[in-house]
There are 2 protein chains.
Amino acid sequence: MEFKHQATVTLAEVAQAAGVGESTVSRVLRNHGSFSGKTRERVMAAVERLGYVPNRIAGTLASTGSRLVAFVIPSLSNIVFPDVLRGASAVLEENRYQAVFSVTDYDPSKEEALAAAMLAWRPAAVMLAGCEHTEGTVKMLRASGCRVVELLDLDGDALDIAVGFSNRAAGRESAAFLLKRGYRRIGYVGHDLNRDTRAGKRFSSFCETLDAHDAPLIAREILAGASSVENGRLGLERLLARTTDLDAVYFSNDDMALGGYFHCLAERIAIPSKLAIFGYNGLDIGRATPQPLSTIRTPRVATGQIAAQLVVGNAPPQAVDLGFELIEGATA
Amino acid sequence: MEFKHQATVTLAEVAQAAGVGESTVSRVLRNHGSFSGKTRERVMAAVERLGYVPNRIAGTLASTGSRLVAFVIPSLSNIVFPDVLRGASAVLEENRYQAVFSVTDYDPSKEEALAAAMLAWRPAAVMLAGCEHTEGTVKMLRASGCRVVELLDLDGDALDIAVGFSNRAAGRESAAFLLKRGYRRIGYVGHDLNRDTRAGKRFSSFCETLDAHDAPLIAREILAGASSVENGRLGLERLLARTTDLDAVYFSNDDMALGGYFHCLAERIAIPSKLAIFGYNGLDIGRATPQPLSTIRTPRVATGQIAAQLVVGNAPPQAVDLGFELIEGATA
DNA sequence: GGTATTTTTGGCAGCGCTGCCAATTTTCGG
DNA sequence: CCGAAAATTGGCAGCGCTGCCAAAAATACC
């Protein structure tokens with residue numbers, strides 16, 4: 001037996017059942033235009049009786065603007081993006097918008113392909129991570145006429161709307177904090193930077209700041225693949241095997257930093273007296289560790305919320321800097 | 001200045017530019033039906049030149065089935081759901097399906113409302129968490145004629161397809177493991193169970209198993225709100241303040257368990273000799289802690305993958321049990 | 001009571017694309 | 001070189017709904 005019921009009740013059938021015209025049903029359902037209370041009741045009764053579910057595909061095609069918002073994000077493993085989606089989806093749902101998404105795995109050419117596929121749904125807006133995109137992506141988005149929101153990175157030219165903060169500033173402040181604390185022999189443990197350009201920006205600004213204070217980075221360990229707690233642990237282990245006199249390590253993010261933290265716990269390396277640890281993101285888990293993680297808290301959920309609000313409100317092009325917060329913690 | 005370019009190039013325009021009929025363009029673009037190589041080139045050239053982007057809204061309306069898959073998930077904070085989305089989205093993208101989602105916050109009536117909204121997009125399938133739904137939701141899904149996939153819980157009757165494992169079995173095995181290890185004075189720390197029915201099922205089976213072995217649960221601490229590391233830490237602290245002679249604690253999931261683990265580290269409570277800790281989910285982070293977390297690893301990504309494959313392949317109704325794996329770890 | 005308004009309502013032409021079918025062109029076999 | 005079969009191609013009717021416009025009904029005003 002096949003599964004094709006598609007009890008497809010149409011607006012026309014509702015109209016007939018209610019004894020009114022199609023447009024009247026449409027008006028009642030969208031609560032738009034004028035109609036009498038009596039008509040309203042008859043229509044609603046028919047809708048109820050027939051179990052009518054409006055067809056948004058048809059509705060969107062017939063009207064001008066769609067209520068779809070497309071997210072093209074690098075990853076779902078990195079909690080950053082679910083957090084952004086979470087912030088955005090609450091606002092979008094309130095405004096009867098619908099979120100659509102696809103995942104690029106940090107691959108710019110995949111981003112281009114997926115953005116193209118998204119555009120085919122004629123979304124009201126496309127939301128992307130960061131401001132680095134292929135030429136093709138930029139051209140396509142420009143030509144599309146739909147709103148474009150670039151998230152989580154303000155270090156570059158925005159196509160239309162940008163919401164987030166400066167990763168370069170985050171890298172700088174992290175370095176400044178460690179220097180202020182008196183650390184001078186600093187190392188870095190990070191994940192694949194070519195793919196995660198935002199982590200790359202933090203790292204390069206971090207290094208520049210160290211250089212400017214005559215305390216250049218002493219050692220680094222870059223692990224292939226995505227950031228993870230295990231990679232952070234492994235990275236610190238490797239770094240310490242090669243370099244014995246470090247007094248602080250900057251990690252590409254909190255996942256990695258937690259790995260480093262666990263490595264120190266396991267190896268009984270005193271934190272921060274023997275080795276300081278500094279992360280990035282300000283995950284909740286970093287606040288519950290025996291020693292709160294020193295890190296920078298980023299406004300991930302708020303980024304999603306604001307982005308969604310700007311789209312819903314059809315705001316003019318702008319860059320919104322939500323800033324970030326340095327959490328002193330107890331590991332640095 | 002307003003932003004309404006909508007350079008809406010239509011198929012008809014491409015057809016005219018290429019000097020062919022509309023249906024020919026449609027065939028070439030979908031690589032469906034027959035056409036000559038020469039025609040193909042002319043069409044592609046025109047597409048390129050005009051920057052044509054097909055309109056999937058129109059395409060979906062005109063053809064019968066849509067290539068949308070709708071996810072109605074409880075949360076994006078709980079990494080479980082991003083993991084499922086991740087597994088599914090890879091498979092869906094390969095097959096040119098598009099994922100749409102909305103978040104219920106574990107509220108069944110919100111689930112009903114969101115499922116209704118999703119149905120309006122006439123998706124090929126709706127994916128939901130668990131098998132507990134309101135009567136209205138069930139009725140609506142049944143009537144919709146679209147595929148329904150229930151994820152991550154096999155303890156109940158499936159509407160159509162179900163992919164996951166038994167939460168009751170997970171609770172049972174967790175209890176059996178602790179008992180086998182010799183723990184007899186067992187407590188529980190969990191988050192709001194009314195909302196997260198799967199955690200509730202694990203807990204009740206856990207308790208039944210303890211009862212069956214004459215080692216009933218000694219104490220429990222249920223925290224309002226979502227699961228989090230901080231809530232786990234707080235929960236264990238409270239539990240221990242009231243009950244001093246516990247030898248093991250079962251947590252509603254790994255986030256909570258990690259909080260408990262951190263509490264023990266901070267309070268210098270020896271694990272597992274003084275207190276054993278057992279979680280649920282098998283998050284990666286639990287493998288990188290100084291002592292690997294004892295837990296049950298659930299096939300979250302695989303659940304998403306399989307679910308997507310079944311939908312793409314239009315498989316018949318079935319329940320797929322992916323099982324789970326007990327990780328002995330070192331905390332119990 | 002009659003006319004001017006205002007409120008409700010229905011009809012119908014698309015939105016851009018796909019599916020069906022018939023027309024046209026190409027290829028093949030003898 | 002001709003008819004038949006196969007490969008291409010174009011035309012056009014919808015898919016289900018919204019937006020526009022004019023008709024009809026209700027209400028207001030003098």
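Letters go in sequence order (proteins before strands), and every chain restarts at 1.
At whole-Å resolution of the value, CZ in Phe35(B) and C1' in dT8(D) are 11 Å apart.
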- Query: Can you give one letter per nucleotide of nucleotides 11-20 of chain C, 5' to 3': B if a protein heavy atom sits under 4.0 Å from the base, S if only from the sugar-phosphate, - if neither?
  - Reply: B--BBBBSB-
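Note: Phe71(B) and Phe101(A) have tilted aromatic rings, judged against thresholds of 30 and 60 degrees for the angle between ring planes.
Listed in residue order, the members of residues 37-48 of chain B having a heavy atom less than 4.0 Å from DNA chain C come to none.
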- Item | Asp153(B) and Arg198(B): CA distance, side-chain angles, deciding distance, salt bridge (Lys or Arg N to Asp or Glu O under 4.0 Å) verdict | CA-CA 7 Å; Asp153(B) 190 3; Arg198(B) 287 168 295 289; 5.2 Å; no
- Task: I would like to know whether Arg86(B) and Ser77(A) meet side-chain hydrogen bond (donor to acceptor under 3.5 Å, both in side chains); could you show each step before the answer?
- Result: CA-CA 8 Å; Arg86(B) 179 153 59 97; Ser77(A) 318; 3.2 Å; yes
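There is a side-chain donor-acceptor pair under 3.5 Å between Thr39(B) and Ser36(B). Looking at Glu150(A) and His133(A), their side chains do bring a donor and an acceptor atom within 3.5 Å of each other. Side-chain polar atoms of Ser26(B) and Ser23(B) form no donor-acceptor pair below 3.5 angstrom.
Ionic pairing of Glu132(A) and Lys201(A) is present here: one or more N-O contacts between side-chain nitrogen and carboxylate oxygen are shorter than 4.0 angstrom.
The side chain to side chain contact (heavy atoms under 4.5 Å, CB included) check on Val312(A) picks up Leu92(A), Asn95(A), Tyr97(A), with sequence neighbours excluded.
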